[in-house]
Amino acid sequence: MTRVGKYHVALVGVAVLLLLLSLVRLVSGYDDITSSGTFAAALLLAVPIGLAGLGGLWAERAGVVNIGLEGMMVLGTWFAGWAGYQWGAVAALVAGLLGGALGGLLHAIATVTFGVDHIISGVAINLLGPGVTRFLSEVLYKEGTQAAEAGAGITSSPAITSPPPRVSLPLLSDGPDLLGRLESTHWFLLSDLAGILRGLTHNVNMLVVLAVLLLPLTFFVLWRTAFGLRLRSAGENPWAAESLGVNVYLIKYVAVVISGAFAGLGGVFLVFVSTKYVEGQTAGRGFIGLAAMIFGNWRPGGLAAGAALFGYADGLQLRSSGAVTSFFLFGAVLLLIYLGQQVRRLLASGEPAEMVTRGARQYTMMAAAAAGMVVLFWLWLTVDQLPNEFVFITPHVLTLIVLLVASQRLRMPKADGVSYRRGEQH
Amino acid sequence: MSSDTLDAARPAVELEGITKRFPGVVANHDIRISVRQGTVHAIVGENGAGKSTLMKILYGMQKPDEGTIKVDGKDVSFRSPSDAIDAGIGMVHQHFMLADNFTVLENIVLGAEPTKAGRLDVGAATKRITELAAAHGLRVDPGRLVEDLGVGDRQRVEILKVLYRGARILILDEPTAVLVPQEVDELFQNLRELTAEGLTVIFISHKLDEVLDIADEITVIRRGTTVASVDPHEVTARQLAELMVGSELPTPETRESTVTDTVMLKVSHLTMEADGHRAAPKGMPVERYVDLLREEGRRLLLDDVSFDIHKGEILGLAGVEGNGQSELIEAIMGIRPAHGGIALGEQDLSGWSTLRRREAGIGYIPEDRHRQGLLLEASLWENRVLGHQTRRPARSGIWINRRASRADTWRIIEDYDVRTPGVDTLALALSGGNQQKLIVGREMSGEPLFLIAAHPTRGVDVGAQAAIWDHLREARAAGLAVLLISADLDELIGLSDCIQVIYRGRLVAALDPSDITPERLGGYMTGAIAGTEES
Amino acid sequence: GGDTGGGTTASEAPAGESEGTLKVGLAFDIGGRGDKSFNDAAYAGLEKAKTELGAEIKELSPASDGSNRGDLLRQLADAGYNPIIGVGFAYGEDIKKTAEEYPDIQFAVVDSASNAPNVTGLLFAEEQGSYLAGVAAATKAESGHVGFVGGVENDLIKKFEAGFVAGVKSVKSDIKIDVKYLTPDGDFSGFKAPDKGKVAAEKMFQDGADIVYHAAGDSGLGVFQAAAAAKKKAIGVDSDQRQTVKESNLQSVIMTSMLKRVDVGVFEFIKAFQGGAKGGTNITYDLKVDGVGLATTGGEIDDIKDKLDAAKKDIVDGKITVPSKP
Amino acid sequence: MPAGLNRALFTVAGAAVAIVLAIAICSVAIVAAGADPLAAFAAFFDFGASARSQSNGIAAFLNRAVPLFIAGLAVAVGFRMNLFNIGVEGQYRLAAICAAYVGSTFTAPKPIQITVIILVAAVVGGLYALIPAVMKVTRGVNEVIATIMLNYIAINLTSYLVRGPFAGQRAEGELTTTTPDLPESAMFPNLNFFFDWFGVLPPTRGGGVWGFLLVAVVLGLVVWVVLERTRFGFDVKASGLNGPAALASGVNPKTMVIAAMVMSGAIAGLIGLPEILGDRGAFNSNFTPGLGFLGIAVALLGRNKPVGIAIAALLFAFLDRAQGALQIAEVPPSVITIIQGVIVLLVVVANEVTNRLALRLEERRAARQLGRNSPVEVGA
Ligand SMILES: Nc1ncnc2c1ncn2[C@@H]1O[C@H](COP(=O)(O)OP(=O)(O)OP(=O)(O)O)[C@@H](O)[C@H]1O
Ligand SMILES: Nc1ncnc2c1ncn2[C@@H]1O[C@H](COP(=O)(O)OP(=O)(O)OP(=O)(O)O)[C@@H](O)[C@H]1O
Ligand SMILES: [Mg+2]
Ligand SMILES: [Mg+2]
């Protein structure tokens with residue numbers, strides 16, 4: 001498919017998705033499906049995942065698998081909290097970045113210099129991150145210290161002194177708040193669009209803006225600059241890169257350190273949201289970020305979609321657990337669309353010869369889709385409140401389903417995870 | 001290539017007393033070579049003689065322990081390839097050094113990217129590459145993904161990579177191993193143009209005819225040291241080979257026919273789709289289904305391939321890489337699904353797993369020994385078990401019989417002259433030739449009825465080559481049916497009882513090896529001679 | 001099962017004579033000392049015992065997975081500590097086993113019932129305190145809409161919810177109550193997720209809630225932030241959060257806090273032990289003994305003091321029985 | 001065979017150096033924390049003054065090692081063929097609750113009851129691991145991400161089950177949610193008689209030294225035999241070392257993925273049983289989490305070999321045991337996690353370095369024996 005084609009398909013996909021969301025909202029009556037609040041929450045929850053995912057992207061594009069993102073993120077939160085309460089938001093940002101980068105450096109030393117298996121090193125860092133931070137808290141935040149006076153405890157830092165500023169889109173989502181008004185009319189599609197736009201633009205943390213900008217920036221650096229080409233070559237064929245004078249070790253070091261810094265930035269973001277470091281606040285987001293990145297096919301756009309999916313599902317269930325059942329309807333309609341397409345294709349190509357080669361497989365798929373549709377629809381009609389446990393796993397189940405559908409089109413960097421040694425052929 | 005320009009040229013590269021030791025091996029010992037500018041200087045030597053190591057030293061990928069390097073008369077000391085590139089040296093490696101998921105352009109500019117305001121300047125790069133390609137007659141499309149390219153195209157990309165960096169001295173390490181004669185001719189034509197423009201080429205090959213054809217000067221390396229410097233006009237290939245190994249040259253000729261009337265392997269209507277296998281509907285004959293596929297315009301990797309191999313027959317399969325040989329092998333081995341029939345003796349194998357096929361008596365010498373043939377980080381005896389884990393002596397019940405496997409590995413080591421200290425040595429500690437001998441021994445040890453031998457002597461030195469040929473001939477005499485696939489056309493012609501040519505997934509010609517030359521065979525392989533069947 | 005299910009209250013704890021030096025051991029729940037919450041409250045009681053009763057004290061924190069609670073108790077027992085206190089209902093089972101192994105040592109467990117003759121259950125009537133919080137919220141909420149954010153959906157936190165809901169309904173039966181838990185039982189990250197607390201509370205405030213009560217540990221911070229952003233109010237939990245929370249902008253949104261005097265429970269137990277009390281019973285710290293209650297810092301509920309006192313009196317007198325399950 | 005011996009010696013030496021280095025690094029941290037490293041290291045070996053506290057300490061140590069060992073084995077089976085089963089965490093929790101529940105629904109003679117429980121655990125663990133395996137085989141879904149997602153799903157599922165369908169009776173005032181209590185016949189006999197043999201006081205600790213230790217030892221042996229001596233083990237090793245070669249030699253990669261994953265999951269299913277059958281007698285909300293993740297570290301430290309995993313599990317358990325002792329010595333107990341992390345990192349680094357050295361030596365030896373190292377003297 002050409003570039004233009006892909007772009008168009010993506011646009012059409014988004015449009016269909018919007019339409020569906022709007023329909024489901026109307027039918028189910030849960031305004032939270034497209035409310036600005038949900039999208040604001042989704043953004044808030046998606047950003048740390050997306051930052052961790054970006055960290056994963058940088059490392060893996062340079063051929064280093066980074067399962068240690070979680071540990072690096074933990075380092076980011078701790079250092080952000082520690083610097084933040086003493087010297088303010090900017091210091092928190094810098095310290096969190098550096099903390100994460102430190103974890104990345106460790107990973108780089110182990111994997112690049114010593115050729116340790118990437119998963120092993122990552123696991124060790126995931127052990128070390130919480131251990132080191134707990135240790136630091138036990139030493140620096142213990143009773144009687146100045147920090148403890150300022151509100152620190154073993155499990156949390158004092159609040160950071162100057163929270164980062166927030167911005168809104170003037171006119172539209174602030175002041176007259178045109179979008180907000182449009183949203184509250186609950187018109188079909190228009191209000192949904194307004195809600196989404198307002199959620200993404202109203203009263204947004206500066207760090208969110210920064211984080212979102214990092215996506216196109218990453219794309220630009222990795223795919224449009226010479227440095228990016230070299231970095232990706234280290235993930236595709238480091239031997240070729242080295243033979244052309246690219247310093248693969250250096251590139252990998254830079255990539256993995258940046259990767260750690262991104263994870264650390266994700267941690268900083270968490271600290272900014274809660275205004276302080278809280279032990280355990282990363283809650284596995286490093287892993288989810290990794291998942292979002294794989295989900296997104298090792299590309300910034302896809303990664304953003306993956307992070308958005310997690311953020312949206314989480315935000316929606318936090319705001320309105322009941323709305324989650326509407327997704328049974330959503331799924332049923334999606335399956336219906338799929339079925340419709342298949343049937344149309346079957347009818348369009350009337351030749352019997354065509355039919356023969358399709359084989360039984362396709363019919364099985366269609367039958368399964370039809371059955372799934374019926375089951376989903378029935379569930380939607382009968383279930384009005386899922387047990388909370390099932391609501392919590394919505395994003396994870398969705399991810400699995402999407403992977404099942406899309407996985408064969410995923411393509412990871414060819415030399416990802418390979419222990420590269422200078423001068424040694426694979 | 002006129003000799004008066006040669007005489008006038010001054011040395012472009014001088015290697016003085018180069019010594020390089022690896023743990024336990026002296027790869028290079030006091031090597032002295034002087035390469036004059038504007039010439040093609042060939043370096044020959046048996047496997048492991050130290051050619052590649054020497055070139056890697058010259059290219060800055062490895063540091064010599066002793067010795068000096070002079071480029072254009074100046075002393076140099078390279079710390080990395082980029083130093084060498086700066087000094088105007090470029091190297092095309094023995095194995096392709098390309099990132100498959102990158103475009104041709106990205107592969108070429110990598111490490112020497114033109115930038116504009118921080119961005120990669122694609123426009124400028126495209127322009128430069130197109131100019132270079134036109135100037136040297138190297139056709140490429142800069143926008144294509146390398147993974148979609150054939151070997152010939154890849155080779156051109158490799159050369160363009162070097163030229164793009166403005167190299168004046170080109171190192172080509174076995175560039176012709178994967179090319180057919182026509183492509184080799186084309187390459188040589190390009191090289192001659194380059195030398196005429198004053199560039200210097202250092203050329204490494206095991207194909208001595210080619211060396212004599214292209215080289216202006218030849219250096220022979222044996223066991224890490226320079227043993228001779230000869231003029232190509234004054235030696236024959238045979239003499240050259242004897243210089244390399246110090247022994248007589250073997251020939252791959254089969255002496256008398258041992259072909260019997262019993263059909264051992266029967267392949268009928270073998271067809272493979274490019275975009276995923278779909279089983280034919282029940283009850284429909286394969287021929288009809290294949291017709292259907294063709295009508296639908298599907299791309300077929302194997303298109304209705306049928307042939308018989310008799311007991312005691314070696315069937316040679318000639319073809320440019322990428323025309324379906326790998327797919328054919330994998331279909332016969334049951335690694336990839338295909339339509340059509342495969343029968344071994346009386347048994348119909350289609351639908352069987354790889355394991356059952358092996359157990360039924362198919363042996364397999366894979367084309368890439370490191371990829372499909374060996375567990376490099378396992379011991380030799382474990383490699384002996386590989387592929388035979390369900391058969392004696394490797395297996396007893398659910399267990400692996402370690403003692404018997406070891407003993408049988410020792411037998412192979414002795415019978416096939418594998419040079420190794422023992423059966424517990426890891427496979428990666430062996431040189432390539434010895435690894436290949438181990439594989440041949442292993443595949444023969446199952447007393448197979450039918451053997452697939454894909455490039456059985458690729459990258460193997462002349463001594464080992466002769467030994468492998470002998471083993472194939474002996475087994476053939478004992479009634480083995482062999483499907484031989486080789487890029488070495490001399491080997492193919494010399495060993496086969498019959499040659500089939502595969503082109504774009506179809507068998508296009510059946511030829512008699514006794515009256516075919518490599519050149520004509522190459523014509524069939526490239527489709528230059530249309531598929532008139534002769535026998 | 002040595003469930004003796006006693007219903008005595010602290011004031012009835014038996015007294016006896018003291019014996020030798022007092023060595024008190026205490027094992028924290030996950031998080032450990034310095035968590036600014038539950039564990040620290042227990043430690044405050046222990047420290048008070050040190051200063052006032054001259055006790056020698058030792059406190060241990062478990063591993064982050066909580067796998068070694070029993071081992072900590074045994075290490076304290078082996079080191080000669082008596083009595084030994086386990087903080088948190090998760091200690092219930094381990095205390096029972098350890099108490100059987102060390103019959104000569106007195107144990108106490110916070111938030112779980114006595115289950116052996118030498119175990120004292122230190123229970124808190126969170127539902128009663130939460131009831132008062134509910135009354136306060138319902139009375140103050142002009143919109144007729146309040147909310148509750150629970151950290152982890154376990155039975156302990158559900159006690160808070162049950163009491164709160166009952167309290168709210170007692171004021172106005174048609175009042176709207178939003179209830180949200182951040183994580184399911186067993187996933188304790190719900191106590192450490194201020195961002196999720198914020199999102200959940202934000203929704204409640206956007207829907208028109210005036211006051212949100214949280215029992216969500218550190219996640220409560222997010223509830224306070226949401227309240228501050230919406231210019232609404234929140235109710236804190238466990239300790240007087242208007243004092244413990246250091247951010248001045250958040251302090252002002254904390255209308256009151258439901259106090260759970262674990263420090264009192266721990267101290268009283270040690271004191272009773274010194275007096276010769278034996279275990280086998282539960283001591284319930286309820287409204288009657290001020291083991292739970294509402295904080296008045298900031299004076300925001302001073303105007304409804306009468307109403308709260310009346311509700312308290314009804315509970316103490318037994319006129320109202322507050323449910324402990326939603 | 002000296003070649004193998006050489007390699008083993010190198011490994012041990014490397015590990016020793018790594019551990020010493022880890023200790024040195026942690027000493028620096030301890031000093032920085034204002035504590036005395038000597039006191040800290042003494043605390044690791046301080047099992048208390050009384051005989052009783054010592055036997056309690058030993059029991060705590062061994063009982064921690066058993067689940068870690070099983071977890072390490074589970075992870076290692078997958079790692080052997082480059083399958084990263086990050087899902088051990090979810091598999092063992094789900095298996096534990098199902099086994100505990102099924103075990104509580106009937107009473108049978110001890111051997112039968114226990115066997116049934118073990119089988120249920122293995123089957124549930126195996127089945128849950130089958131999901132990512134099938135996803136990988138049929139749709140090529142990366143198993144790392146699938147198992148991470150399935151972990152979240154399993155954790156939520158267990159918490160739903162324990163308070164919903166599988167909930168059991170609780171004593172009044174008891175807030176821990178739990179499955180019904182297992183009958184006495186389900187409890188695995190302890191090993192306290194060992195202490196009697198040596199004339200030492202048996203531990204008072206809960207279930208004493210869990211008898212499941214024996215199951216773990218047998219499991220370790222079985223896994224070793226299966227991986228090192230059988231055809232299946234050979235296929236696993238071949239698939240792990242070189243997938244395409246295994247395929248060409250007749251090993252069906254899909255079957256192998258499914259078999260290895262299911263075996264890994266089945267072993268994972270047993271991780272929770274020592275605790276349930278040895279001590280708790282039910283699955284409740286205090287059930288130890290996180291063993292699946294620690295299992296990854298243990299397997300890696302033990303180089304995916306049963307003996308190594310045993311040593312790694314013992315080392316981790318030994319460090320974990322000191323949680324209380326360190327606090328008594330006024331040392332921040334988080335040094336344990338730091339030491340564990342640093343050791344994993346350093347040991348794998350040491351592994352790499354020694355591996356390389358050993359390979360070099362082997363190549364040199366091979367070359368020497370073949371006499372390739374003497375270049376011939378030839379005149380030009
Ligand atoms: N990186 C290395 N480490 C150790 N030994 C090496 C290394 N590279 C090469 N050798 C040794 O050096 C010798 C020379 O190898 P080299 O690759 O230069 O041979 P070659 O002449 O290029 O052979 P071929 O014709 O097969 O390409 C080999 O026998 C090998 O044992
Ligand atoms: N990067 C490397 N590191 C270590 N050893 C190497 C390296 N490359 C090659 N060798 C050694 O070089 C030897 C042979 O190398 P290679 O695989 O190039 O074989 P070959 O040249 O094809 O073999 P032969 O000389 O037997 O034909 C082996 O002993 C191998 O251990
Ligand atoms: Mg070689
Ligand atoms: Mg070479």
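Predicted model only: the values in this text are computed from it and were never measured. Within every chain, numbering begins at 1; the chains are lettered A, B, ... in the order of the sequence lines, protein sequences first and strands thereafter.
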[X] versus chain A, heavy atoms under 4.5 Å apart: side chain, backbone, both or neither?
X      : result
B:A112 : backbone
B:E273 : neither
B:K161 : side chain
B:N107 : backbone
B:L110 : both
B:S80  : neither

Hey, could you give me each pair passing salt bridge (charged side-chain N to carboxylate O under 4.0 Å, His left out) that has a residue in residues 97-107 of chain B? Not counting sequence neighbours.
A:R232-B:E106, A:K414-B:D100, B:D100-B:R154

Going from [atom1] on [X] to [atom2] on [Y], what distance comes out if it is rounded to the nearest 0.5 angstrom?
X      : Y      : atom1 : atom2 : answer
A:W239 : B:H93  : CH2   : NE2   : 13.5 Å
B:L120 : A:R230 : CG    : CZ    : 10.0 Å
A:L244 : B:M97  : CG    : CE    : 8.5 Å
A:S233 : B:L98  : OG    : CG    : 12.0 Å

Counting heavy-atom pairs under 4.5 Å to chain B, which of A:L229, A:N247, A:V246 comes out on top?
A:L229

Does the salt bridge (charged side-chain N to carboxylate O under 4.0 Å, His left out) test come out yes or no for B:E147 and A:R411, once each step is laid out?
CA-CA 13 Å; B:E147 67 179 348; A:R411 164 155 204 174; 3.1 Å; yes

Okay, A:F227 and chain B: the region with an atom under 4.5 Å from a heavy atom over there is neither

If you tally heavy-atom pairs under 4.5 Å between each of B:P81, B:P114, B:G90, B:A99 and chain A, the highest tally belongs to B:P81

Please enumerate all residues that pass salt bridge (Lys or Arg N to Asp or Glu O under 4.0 Å) together with B:D65, with sequence neighbours excluded.
B:R21

Tell me if the NZ atom of B:K127 is crowded by more than 12 foreign heavy atoms within 6.0 Å.
no

